[in-house]
Amino acid sequence: MATPNYGYEKRQRELAKKKKKEEKLKAKAAGKRYDDPDAPESQGADDAGAAGATPASGEGPANPA
């Protein structure tokens with residue numbers, strides 16, 4: 001019976017870890033979330049400014065603060 005080659009298994013784990021890390025860095029550079037490929041690229045940053053802005057046409061909220 002053959003003995004397990006632990007060095008080979010360790011190297012494969014290291015390569016998989018390295019590949020995953022590179023993919024995460026690439027996704028981060030592209031502005032995407034790594035763990036959720038269906039999520040929009042920058043949901044919070046762009047939409048936050050538009051939600052708090054008042055419309056220019058004068059049709060603001062019913063109770064202006």
Side-chain angles (χ1 to χ4, degrees):
M1 187 161 136
T3 59
N5 188 349
Y6 294 113
Y8 176 79
E9 292 174 7
K10 182 177 180 182
R11 179 68 179 147
Q12 294 305 307
R13 284 194 307 270
E14 290 173 353
L15 289 173
K17 207 183 277 190
K18 184 178 178 182
K19 182 180 177 185
K20 185 175 181 181
K21 186 175 182 180
E22 288 175 357
E23 288 175 359
K24 286 178 90 170
L25 287 174
K26 216 180 276 187
K28 187 175 182 181
K32 298 179 191 173
R33 288 191 54 181
Y34 175 75
D35 56 346
D36 191 7
D38 296 331
E41 291 185 12
S42 58
Q43 181 181 5
D46 295 336
D47 296 339
T54 57
S57 64
E59 298 176 1
N63 297 326

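Bear in mind the structure is a predicted one, so any value in this text is a computation, not a measurement.
- Atom CD in E22 sits 14.0 Å away from atom NZ in K17 (nearest 0.5 Å).
- For the atom pair CZ of R13 and OH of Y8, the computed distance is 12.0 Å after rounding to the nearest 0.5 Å.
- Atom CD of Q12 and atom CD of E14 lie 9.5 Å apart (nearest 0.5 Å).
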